[in-house]
Amino acid sequence: IGRYGLYYKFYKNTNITSIDLSSLQSVDFYGMYCAFYGSTNITGNIDLSSLQSVGGYGLNCAFRECTKIVDVNLSSLQTVGVQGLYGAFTSCGGLTNIDLSSLQSVGDNGLARSFEGCINLVDVNLSSLTEIHRYGFASCFCGCGGLTNVNLGSVRSVGAGGMNGMFVGCFNATSIN
């Protein structure tokens with residue numbers, strides 16, 4: 001999706017119940033900025049399994065407050081630019097699983113607040129992660145009270161504030177590697 005492609009396109013559209021993004025390979029600058037924000041009738045799984053890169057602000061708040069999303073597959077995603085996934089799934093209370101197993105590098109504020117308030121999120125796979133830039137994961141899982149397992153892979157570099165408040169309110173976390 002190119003620059004500004006779906007910018008606020010379906011903002012708070014309650015008629016949408018499902019989306020097929022399975023063939024999407026990249027999202028450019030502001031490509032899906034707030035695209036489905038508040039579209040509360042989107043249900044089930046979001047298949048972004050072909051997505052490999054997200055540019056600056058690409059998925060910023062894209063699915064925020066889509067409370068019926070259960071699973072997000074981002075298994076091919078390797079790089080996230082500046083604020084690429086900032087707040088992307090904030091307050092998605094139905095979300096239980098997120099696969100980011102290929103993610104290697106996160107830009108400044110790349111995943112900041114991405115899953116904040118996802119109270120039913122249980123498992124997160126970040127097994128390939130090696131580099132977190134400034135505030136890359138700031139408050140990323142804040143308020144995810146159901147979170148029990150996070151695999152942080154082999155992080156070698158963390159910029160200033162890269163993990164600030166990352167697990168605030170994750171009272172049930174038992175395994176963070």
Side-chain angles (χ1 to χ4, degrees), residues 8 10-14 19 27 32-48 51 54 56-75 77 80-101 103 105-129 131-153 155 158-177:
Y8 279 99
F10 303 102
Y11 178 77
K12 298 204 177 204
N13 183 328
T14 56
I19 358 174
V27 177
M32 288 181 63
Y33 188 93
C34 294
F36 300 98
Y37 184 141
S39 297
T40 55
N41 287 322
I42 296 173
T43 59
N45 302 334
I46 300 295
D47 183 359
L48 291 161
L51 187 63
V54 175
Y57 307 91
L59 287 173
N60 191 305
C61 295
F63 299 96
R64 185 178 182 136
E65 296 177 12
C66 293
T67 56
K68 296 176 184 169
I69 293 173
V70 175
D71 183 82
V72 177
N73 185 341
L74 286 160
S75 59
L77 185 62
V80 174
V82 174
Q83 290 198 20
L85 285 171
Y86 183 96
F89 298 95
T90 295
S91 299
C92 289
L95 186 62
T96 59
N97 182 57
I98 181 80
D99 185 349
L100 288 159
S101 57
L103 185 62
S105 178
V106 176
D108 293 356
N109 291 298
L111 268 85
R113 305 185 96 123
S114 290
F115 305 102
E116 182 179 33
C118 293
I119 57 173
N120 290 306
L121 185 61
V122 175
D123 187 52
V124 179
N125 185 348
L126 292 159
S127 57
S128 297
L129 187 63
E131 184 177 37
I132 301 171
H133 289 261
R134 293 177 340 130
Y135 302 100
F137 277 87
S139 300
C140 184
F141 302 108
C142 183
C144 294
L147 189 62
T148 58
N149 181 46
V150 179
N151 182 345
L152 286 173
V155 176
V158 179
M163 298 171 87
N164 276 7
M166 187 173 176
F167 298 109
V168 170
C170 296
F171 303 112
N172 292 310
T174 55
S175 176
I176 299 175
N177 320 352

*Do any N or O atoms from the side chain of Ser139 and from the backbone of Met166 form a donor-acceptor pair under 3.5 angstrom?*
no
*Would you call Lys12 and Tyr37 a side-chain contact if the rule is heavy atoms closer than 4.5 Å?*
yes
*Exam field: side chain Ser114 to backbone Leu85, donor-acceptor pair closer than 3.5 Å*: yes
_Heavy-atom pair with the smallest gap, counting every atom of Glu65 and Thr40_ = O-CG2, 3.4 Å
*asked:* On a heavy-atom basis, which atom in Gly107 and which in His133 lie closest, and how many Å separate them?
replied: C-CB, 3.6 Å
*Over all atoms of both residues, closest heavy-atom pair of Val150 and Leu126*: CG1-CD1, 4.4 Å
*asked:* Measuring only between side-chain heavy atoms, which start at C-beta, is Leu121 closer than 4.5 Å to Ile98?
replied: yes
_Backbone N/O of Ser101 and side chain of Ser128: donor-acceptor pair under 3.5 Å_ = yes
*Would you mind reporting whether Leu100 and Leu77 have side-chain heavy atoms less than 4.5 Å apart?*
yes
*Straight-line distance of Phe89 CZ to Leu59 CG, nearest 0.5 Å*: 6.5 Å
*Give a yes or no on whether the backbone of Asn13 and the side-chain of Ser39 come within a donor-acceptor separation of less than 3.5 Å.*
yes
_Is any side-chain heavy atom of Thr148 closer than 4.5 Å to one of Thr174?_
yes
*Evaluate side-chain contact (heavy atoms from CB on, under 4.5 Å) for Val80 paired with Leu103, printing each intermediate quantity in order.*
CA-CA 8 Å; Val80 174; Leu103 185 62; 3.7 Å; yes
*asked:* Any non-hydrogen side-chain atom of Phe63 less than 4.5 Å from a side-chain atom of Met32?
replied: yes
*asked:* Could you tell me if the side chain of Leu152 sits less than 4.5 Å from the side chain of Met163, heavy atoms only?
replied: yes
*Is the backbone of Gly93 close enough, under 3.5 Å, to the side chain of Asn120 for a donor and an acceptor to pair up by distance?*
yes
*Mind checking whether Ile19 and Phe36 have side chains closer than 4.5 Å, heavy atoms only?*
yes
*Which heavy atom in Asn73 sits nearest to a heavy atom in Ser75, and how many Å separate them?*
OD1-OG, 2.7 Å
*asked:* Quick check: Tyr86 with Tyr57 (ring centres under 6.0 Å apart)?
replied: no
